[in-house]
There are 2 protein chains.
Amino acid sequence: MRSENNPAGQKRSFIEEARRAQIVAAAIDTIAEVGYPNASLARIAEEAGVSKGVISYHFAGKDELMDQLVTGVYTEIAESVVPRLLAQDNAADMLRAHVRGVAAYALEHRSRMAALAQIFIHALRPDGSPRYGAGESEPLYESLEGLYREGQRSGEFRDFDVRAMAVTQQSATDGMFEYWRVHPDHDLMAHAAELGEQLVRATRAD
Amino acid sequence: MRSENNPAGQKRSFIEEARRAQIVAAAIDTIAEVGYPNASLARIAEEAGVSKGVISYHFAGKDELMDQLVTGVYTEIAESVVPRLLAQDNAADMLRAHVRGVAAYALEHRSRMAALAQIFIHALRPDGSPRYGAGESEPLYESLEGLYREGQRSGEFRDFDVRAMAVTQQSATDGMFEYWRVHPDHDLMAHAAELGEQLVRATRAD
DNA sequence: TTATTTTCTGACCGCATGGCCAGAATCTAA
DNA sequence: TTAGATTCTGGCCATGCGGTCAGAAAATAA
């Protein structure tokens with residue numbers, strides 16, 4: 001049995017890694033297609049073309065599957081967006097690059113972003129509090145506040161409440177993706193450009 | 001049996017109205033407390049202090065219960081916010097009044113707003129599309145676009161995309177409430193003032 | 001009072017879920 | 001070839017869901 005807890009980076013066989021990746025990919029496609037609440041393990045297994053027990057064999061449970069998925073996509077987004085940020089030389093352009101970078105990633109990896117947004121919104125702890133969203137620990141979220149403070153220090157941004165602004169940017173971005181998920185023909189990049197402009201105007205000193 | 005469809009305003013007995021109101025109130029408290037996905041009919045019935053069958057007796061199903069709840073709270077919000085809007089004489093102040101008005105309502109009727117936000121986010125149609133949110137038919141949503149256009153016509157607002165701005169305002173407001181739901185000690189009115197300022201700066205001509 | 005309608009209860013149904021597991025199949029190594 | 005570890009299958013389990021229903025209880029009418 002491979003699904004014992006794996007606290008220290010226990011070596012995993014090649015085939016095991018491959019299966020895990022395959023299942024995560026199937027979970028992404030399933031969630032993007034039918035939404036998180038309808039993405040049962042049975043449907044994910046069917047999408048992956050394996051039996052349901054395989055998921056239980058390779059993952060401790062649905063939660064670990066979701067953790068894996070979220071971590072993987074988060075990392076990929078960061079790897080795609082951070083270089084774009086570093087290429088900018090002022091806070092306003094970094095803000096624009098952030099929004100457009102995430103949108104560009106979403107355009108290229110539609111189902112991954114859709115799945116992430118679904119999990120972000122729908123995955124709850126037993127007590128009803130969100131499992132991933134609305135906290136203060138997500139990497140993207142923290143990086144926003146750092147960006148704002150940097151702009152404030154340089155005098156480029158006005159002296160707004162960084163927490164409120166981060167909540168606004170985060171949820172406005174999520175809202176943009178959700179709108180795009182429901183209206184697939186919506187022009188995402190144009191919307192992202194608009195949102196970038198909104199944020200620049202909301203933050204800049206004047 | 002009273003739960004037959006009631007298309008033309010069939011007269012309902014006093015006790016029936018009272019029961020319906022009681023159940024809706026219990027649904028609001030339950031959803032606000034444990035979140036929509038955990039708010040089963042059994043839990044709502046328990047909260048109301050009646051047996052589960054009573055809900056089925058007075059409502060055609062869970063969907064009708066939610067419709068009733070959403071409609072009721074929406075109406076109450078509109079009655080509370082619209083007068084504040086009409087008291088303003090320019091678009092920017094109306095924007096601020098809108099955000100602060102909704103926040104003030106939320107502060108006074110915390111669980112109603114929390115329940116509404118939960119339903120907005122989590123209630124799905126069988127095909128996975130949102131049942132209330134992210135469409136273009138909700139009263140609050142439509143009124144936003146009208147407000148923007150009015151400001152643009154008067155020259156007070158710049159020429160932004162009203163759809164993108166409405167999505168931003170709607171989701172930023174929802175995000176604010178969700179953050180407040182998870183962090184009850186958060187200063188909602190201060191956040192609302194910040195959000196109002198953000199929106200005014202994002203929309204105004206210059 | 002009795003007869004009738006309205007309201008309520010608690011048990012039950014079919015279904016889907018996440019998870020579990022005995023045994024079969026497959027791969028690996030001696 | 002053979003023994004042992006790994007991986008997979010398909011059925012099973014307990015749980016909780018929304019919804020239904022026969023019959024008890026309560027309110028109302030005659």
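By convention in this document, chain letters (A, B, ...) are assigned in the order of the sequence lines, proteins followed by strands, and residues within each chain are numbered from 1.
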(request) Rounded to the nearest angstrom, tell me the gap between atom OH in Tyr57(A) and atom C1' in dA25(C). (result) 13 Å

(request) Starting at atom CD of Glu46(A), determine the distance to atom C1' of dG10(D), rounded to an integer number of angstrom. (result) 15 Å

(request) Using modelled atom types only, decide if a donor and an acceptor are shared between the side chain of Gln118(A) and the backbone of Tyr36(A) within a distance under 3.5 Å. (result) yes

Give each protein N/O atom lying under 3.5 Å from an N/O atom of nucleotides 16-20 of chain C, with the pair distance.
unit_1  : atom_1 : unit_2   : atom_2 : d
dT17(C) : OP1    : Ser40(A) : OG     : 3.3
dG18(C) : OP1    : Lys62(A) : NZ     : 2.6
dG18(C) : OP2    : Leu41(A) : N      : 2.9
dG19(C) : OP2    : Lys62(A) : N      : 2.9
dG19(C) : O6     : Lys52(A) : NZ     : 2.4

(message) Any side-chain to backbone donor/acceptor pair from Ser80(A) onto Glu76(A)? Under 3.5 Å, distance only.
(response) no

(message) How many whole angstroms separate atom CD1 of Ile55(A) from atom P of dT9(D)?
(response) 11 Å

(request) Could you tell me the separation between the CZ atom of Arg19(B) and the P atom of dT6(C), rounded to a whole number of Å? (result) 16 Å

(request) Please list residues of residues 22-35 of chain B whose heavy atoms come under 4.0 Å from any atom in DNA chain D, ordered by number; otherwise none. (result) none

(request) Rounded to the nearest angstrom, tell me the gap between atom CD1 in Ile44(B) and atom P in dC17(D). (result) 10 Å

(message) The criterion is side-chain hydrogen bond (donor to acceptor under 3.5 Å, both in side chains); which residues satisfy it with Arg125(B), sequence neighbours excluded?
(response) Ser129(B)

(request) Using atom CG of Leu65(B) as one end and atom C1' of dG19(D) as the other, report the distance to the nearest whole Å. (result) 13 Å

(message) Measuring to OP1 and OP2 of dT6(D), would you say a side-chain N or O of His58(A) lies under 4.0 angstrom away?
(response) no

(message) Whole angstroms only, please: what is the CE-C1' distance between Met66(B) and dG18(D)?
(response) 12 Å

(message) Going by side-chain hydrogen bond (donor to acceptor under 3.5 Å, both in side chains), name the residues that satisfy it together with Asn38(A), two or more places apart in sequence or in a different chain.
(response) none

(message) Whether the side chain of Arg158(B) engages the backbone of Ala202(B) through a donor-acceptor N/O pair (distance < 3.5 Å, no angle test) should be reported.
(response) yes

(message) What is the separation between atom CZ on Phe59(A) and atom C1' on dC8(D), rounded to the nearest whole Å?
(response) 15 Å

(message) I'd like to check the side-chain hydrogen bond (donor to acceptor under 3.5 Å, both in side chains) partners of Gln152(B); sequence neighbours left out, ordered by chain and number.
(response) none

(request) Quick one: list whatever passes side-chain hydrogen bond (donor to acceptor under 3.5 Å, both in side chains) with Arg84(B), sequence neighbours left out. (result) none

(request) Determine whether more than 12 heavy atoms belonging to other residues, nucleotides or ligands lie under 6.0 Å from atom CD of Gln88(B). (result) yes

(message) Side chains of Arg19(A) and Tyr57(A): any donor to acceptor distance under 3.5 Å?
(response) no

